[in-house]
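Written below as C-alpha cells is the structure these notes are about.
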Amino acid sequence: MIINLQTQITPTGDLVIPISQSDALPDQLAAVAQRLNLPASVLQRDFSADASEVLPIYDTEGQRTYLLGLGKEPQAISWLRSFRKLFFSQKNKLSAQVGIDLSGFDAAAIEAAVLGVLGGSYDLRLYKTDKTDTSAFFSDAGQLTLYLPASQHPNAQDAVTRAEAMGQTQREMLDLMNAPANYKTPQTLADWALNSGRQYGYDVRVLDKTELERQGLGALLSVSQGSDVPPVLIVAEYKPEGVDAVHTLGLVGKGVTFDTGGVSIKSSANMHLMKSDMGGAAAVLGTLEVAAKLKLPIHLIGIVPSTENSTDGRSTKPGDVITSYSGKTIEIIDTDAEGRVILADGLGYLLRHFRPDVVIDLATLTGSVIAALGYHAAGLFTQNDELAVQLAEAGNRTGERLWRMPLWDDYKEDIKSDVADVKNFSGKPLAGSISAAKFLESFTENHPAWAHLDIAGMAFADTEFGTQKNATGFGIRLLIDYIHNMA
Ligand code: BES
Ligand code: ZN
Ligand code: ZN
C-alpha cells in the first residue's frame, strides 16, 4: 500500500471522514449530508461520534463513505485506536483506494491516523498454512490518499514518514513478541538487532555465552543455566551523524524468550503467555531502530540481556547464591523472579561501560503490577521527580500511560538477605512490584536519573487481532515521544 497527499477529494474508492464529538457535530454532519445528498437529520440521528463508532454510508453509485467517531477531544491514542479498529475490521471489504479527509487536523493526529491504518493490517496468523489474503487495500496495489489543503502538505508528509518508520518497526516487534519459544531464542533477538543495526547504521555487538562467562555476567548466566539455548547480551549504540547529541540515554530491556518460572515452576494455566516475557527488549530494540531511522539527535544505548528461564537438573535452585556482574551477590529465593536478576547484569553492564545521563529499564517484571494497575497503565518507579513528570507526560501524550509508584526505603527490608547482599524475592505476596524495583535500584549505583517501567500488564494484552492476549508494541511510541521532548 502506498500513501499520497491530495488537496481535492476525488470520488474514487472509499472515503473515511473522522469526526470528533463537539458542539460543532450537528453542523459537520449537515455538511457531510449535503455532500452525499442526504437529509442532515438522518446522520444526526444515527451518528454520535463516540470513539471508534463507525457509520458506513453508500451513495447511489455504491460509493462508500465511513464516518469514523473519535470521541471527545481526541488524543493521538484515540485517533490510532479508531483507525486501527476500522481498517482491521474492514480490511477485506475496503476498495484498493481509500481516502481520508484530514483537512484541518494537526500533524500529531495525522501521524496517529496513518499509524492506525498501518496497524490495521497486522496479521496474527503467523503460522497458518492457509493464509489467503483478500485485502486489496493492503496489497501492493493499494493506495491511501490523505486529503488536506496544500498548506498542510509539508507537515503531513513528515507525519507520514514518522508513522511509516514507527509502523514498520512496531510490526516487527509484534511478530517477535508473538513468536513462540520454538521459533524464538535469545539468538533470534540478537540476529534481529544485528540486522537492524546494519540496515539503519548503528552499532550492535552481541556477547555470546563464552564472552558472558569470560566477563562474569553471573546473574544472566545463572538464569540461563537450565536452558538448552544459550543466553546473549545485546549491546546497541546509536549516535546521530553530524549533529551533536545533547543527551545520552541508556535503555535496558528484559529479554526472557520464555519464562517457565524455572524450578519455582509456574502453574500451567497461563504459562503459554510467557513467550511474551521480552516486551522490555522489544521496546528497547524498537526504540533504537526508530531513532536511527528518523536520525533523532540523541545518543542512545540499548542493552538487552536475553535468555530462557527453564527447568533442568542444571537449573539454579531456590537458595542458591550467585554473583552478579557488579560483584554484588544475590540469594535466589524464587527462580521465577528471574527478570530482575538478568536486569541486574544489564544495568551493571550499562553503568560500567557507558555514561548515560538518564537510565530507563523496561520489563514485563511482575504480576503484582497488574494486580495494582490492571491493564491500563504501566508502573513507573523513580526517585527523580523531574524524570517522573517527563515520562508520565509522554505516557499521557501517547496513551501509553504510566502511573508512579513509591520507592520508599521501607521496602528495602523486603530484599535484605541473611547470607548475600540482596535476595530476589521477599517471600511475601505484598507490594511485589515495589520490592522488585527496590532490587533493581540496588544495581543502579545511585544513578541520579534512573527510572524503571514495569510493563507486565501492557506489553501483552487483549487486542482486536486475536482471542488470546497478544503483543501491543508498548513502549516504543512512549520512548520516542520522551526523546522528542527531552531537550
Ligand atoms: N514474567 C513474570 C511477570 C509477568 C507476570 C509478566 C504476568 C507478565 C504477566 C516474572 O518473571 C515473574 O514470574 N514474576 C513473579 C515474581 C514473583 C515470583 C516474586 C510474579 O510477579 O509473580
Ligand atoms: Zn518469572
Ligand atoms: Zn519473567
Side-chain angles (χ1 to χ4, degrees), residues 177-178 181 184 186 189 219-220 222-227 231 252-283 304-311 315-320 330-346 361-379 381 405 411 414-415 417 422-440 452-462 468-472 474-475:
M177 283 284 285
N178 289 323
K184 165 182 72 190
L189 302 193
L220 174 56
S222 82
V223 172
S224 82
Q225 242 165 252
S227 172
V252 184
K254 171 178 174 182
V256 172
T257 52
F258 195 85
D259 183 9
T260 67
V263 170
S264 317
I265 198 163
K266 287 181 180 296
S267 69
S268 57
N270 283 316
M271 201 201 276
H272 62 290
L273 300 178
M274 283 299 122
K275 66 181 183 182
S276 68
D277 206 14
M278 31 71 70
V304 171
S306 182
T307 178
E308 247 179 26
N309 185 23
S310 285
T311 46
S315 290
T316 294
K317 293 157 195 74
D320 285 3
I330 305 169
E331 182 186 10
I332 303 297
I333 301 295
D334 192 312
T335 62
D336 197 11
E338 84 297 344
R340 65 199 75 180
V341 175
I342 69 168
L343 288 173
D345 275 358
D361 76 73
L362 299 97
T364 48
L365 204 63
T366 66
S368 164
V369 82
I370 308 178
L373 299 172
Y375 296 100
H376 300 292
F381 302 81
M405 308 276 281
Y411 294 103
D414 286 347
I415 54 155
S417 164
V422 278
K423 62 182 180 189
N424 79 332
F425 177 43
S426 66
K428 292 177 285 189
L430 297 171
S433 68
I434 308 175
S435 50
K438 287 310 273 186
F439 177 94
L440 293 178
H452 156 60
L453 309 183
D454 192 337
I455 63 172
M458 303 305 288
F460 218 61
D462 295 321
Q468 294 267 321
K469 287 199 194 313
N470 58 89
T472 62
F474 185 94

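We count ligands from 1, going down the list as the structure has it; atoms in each ligand are counted the same way.
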**Request:** Taking all non-hydrogen atoms of both residues into account, name the closest pair between Ser310 and Glu308 and its distance.
**Result:** OG-OE1, 3.1 Å
**Which atom of Ser224 lies closest to which atom of Thr307, heavy atoms considered** = CB-OG1, 3.0 Å
**Item:** No-hydrogen, no-angle side-chain donor-acceptor test under 3.5 Å, Thr364 and Asp277
**Value:** yes
**Asked** Going by atom types only, do Ser264 and Thr335 share a side-chain donor-acceptor pair under 3.5 Å?
**Response** yes
**Item:** Closer than 2.8 Å to the Zn ion (ligand 2) - protein N, O or S atoms, ordered by chain and residue number
**Value:** Asp259 OD2, Asp336 O, Asp336 OD1, Glu338 OE1
**Prompt:** Below 4.5 Å, heavy atoms only, C-beta onward: do Lys469 and Asn270 meet side chain to side chain?
**Reply:** no
Ligand-protein N/O pairs under 3.5 Å (ligand 1):
from, atom 1, to, atom 2, distance (Å)
ligand 1, 1 (N), Lys254, NZ, 3.3
ligand 1, 1 (N), Asp259, OD2, 3.2
ligand 1, 1 (N), Asp277, OD1, 2.9
ligand 1, 1 (N), Asp277, OD2, 2.9
ligand 1, 1 (N), Thr364, O, 3.4
ligand 1, 11 (O), Lys254, NZ, 3.2
ligand 1, 11 (O), Asp259, OD2, 2.9
ligand 1, 11 (O), Asp336, O, 3.0
ligand 1, 11 (O), Glu338, OE1, 2.8
ligand 1, 11 (O), Glu338, OE2, 3.1
ligand 1, 13 (O), Lys266, NZ, 2.8
ligand 1, 13 (O), Asp336, O, 3.0
ligand 1, 13 (O), Asp336, OD1, 2.7
ligand 1, 13 (O), Asp336, OD2, 3.1
ligand 1, 14 (N), Leu365, O, 3.4
ligand 1, 21 (O), Gly367, N, 2.6

**Request:** Taking Asp334 for its side chain and Ile332 for its backbone only, find out whether a donor-acceptor pair lies under 3.5 Å.
**Result:** no
**Message:** Quick check: closest heavy atoms across Gly255 and Met278, and the distance to 0.1 Å?
**Reply:** CA-CB, 3.7 Å
**Complete:** Heavy-atom closest pair (Phe460 atom, Lys275 atom, distance to 0.1 Å) is CZ-CE, 3.9 Å
**Request:** Using a strict 4.0 Å threshold on nitrogen-to-oxygen distance, state whether Lys438 and Asp414 make a salt bridge.
**Result:** no
